[in-house]
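Remarks on the structure that follows.
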Amino acid sequence: MEIFLRLAAGATLLGSEAAEAVGKGGFGVNFDILETNLINIAVVIAVVVYLGRKFLGKILGDRTAAIETQIKEAEQRKQSAASALASQQQKLAQAQAEAAKIRASAEEGAKSARAAILVKAEQDVTRMRETAVQELGSEQERVINELRQRIALMAMQRAEGELPDRLNDDLQKRLVDRSIALLGGGS
Amino acid sequence: MLNFIVAPNSFHLASLEVGHHLYWQIGNLRVHGQVFLVSWFVIGLLVIASLLATRNVQRVPRGIQNLMEYALEYVRELSRNQLGEKDYRPWVPFIGTLFLFIFVSNWSGALIPWKLIKLPEGELAAPTNDINTTVALALLVSLAYFYAGFSKKGLGYFAKYIQPTPILLPIAILEDFTKPLSLSFRLFGNILADELVVAVLVLLVPLFVPLPVMLLGLFTSAIQALVFATLAAAYIHEAIEGHGEEEHAP
């Protein structure tokens, strides 16, 4: 790539050689305004700064404003969230207190219900015992009565069965007489 | 050696040199010193700007912090558009460095009157008007996309070469050479051509006539930085995605 392109506008050998001599010397500063293109670059920089400041300024300003509003919104959301949290915590505390109250009253109710049930059960037991005893007595009486009737009946039957064999006229006459005597003695 | 006499005037106006360099000898290497000087200047500029922007970080960005955050956002957006939401994050520094370095190099070449400083040989200009700089940047891009492909898919990266059909294998291999070639030549050619056009116009008509070309040069310089960074991101994306996965992508 050893292309050497030299556009030399000045044909003055002296001038170019002088410039070359300066150029070969080492690092230096070139103050030739036309050669260094200073004016054009200044104009370009001015245009870029003028247009760029408007353009970039608008973009960056919008960006800052957007970030600010976002931060503000986020802070508002944070605050509202915090207040919501506080109110919810208060509600939670209230609900817990309510729950404790309900629980205490329920326990109390349970205790009283237990006592009431115990008393009632005891009463029931005694009543049942009483009724059982009563029922037992009446049953005994009924059975005794039945037995008595039955024995009387059987005795009558037995007596009626034996009566034809043992009874004769004489005996019957005596018996009637005795009965009449008994009747007469009773009046 | 070609000598052009532009106008046989009797007074010296200006001279334009291409291919003259300030050579430095480092070991066996002959390096172009003027490129290093301006590169260091650009690097220093970027480092100082970054330091200034991050020295006193505010919650609501103002001034240079705002500007640099805007630049970062721009670069991040660029790489996200190319690489996709999933993979873009690790590549933002690389792509951002490419973009910022090329952009600031191009604009410094156009906006700073480097010709005020006379060198023993050659002249100070944008680092990107030297083919060595752009080739170095393009080879970095090649390394980056190979690294991206291998780290993502391992040896399966080679499947990309025969993915649609093995017939395209030579073209796929050729692509790995044409990518850095086109990247480097595009950037180098644009910047050098722009500076040459401005220099020639300045020789012919020193005042005001070169202004439109200089403004156009600023525009193309910015576009070239954008193109380089975008293409680098696109190549990395291509290496990460591959042909097979693109069909499944929604």
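Only the backbone of B/Ile112 comes within less than 4.5 Å of a heavy atom of chain A; no side-chain atom from C-beta onward does. For B/Glu69, the parts sitting under 4.5 Å from any heavy atom of chain A are the backbone and the side chain alike. Residue A/Leu60 touches chain B through both its backbone and its side chain, counting heavy-atom pairs closer than 4.5 Å. With a 4.5 angstrom heavy-atom cutoff, B/Val198 touches chain A only via side-chain atoms.
Within a 6.0 Å radius of CD in A/Glu108, other residues, nucleotides and ligands contribute 12 heavy atoms or fewer. With a 6.0 Å radius and a threshold of 12 heavy atoms from other residues, nucleotides or ligands, A/Glu162 has its CD atom above the threshold. Atom CG of A/Asp169 sits in a sparse spot, with 12 or fewer heavy atoms from other residues, nucleotides or ligands closer than 6.0 Å. Shown here is A/Gln90, whose CD atom has no more than 12 heavy atoms of other residues, nucleotides or ligands within 6.0 Å.
With hydrogens and angles disregarded, no donor-acceptor distance shorter than 3.5 Å links the side chain of A/Asn40 to the backbone of B/Leu211.
The structure places OH of B/Tyr74 at 10.0 Å from CD1 of A/Ile59, a figure rounded to the nearest 0.5 Å.
Counting heavy atoms from C-beta outward, B/Leu111 and A/Ile41 have side chains that stay 4.5 Å or more apart.
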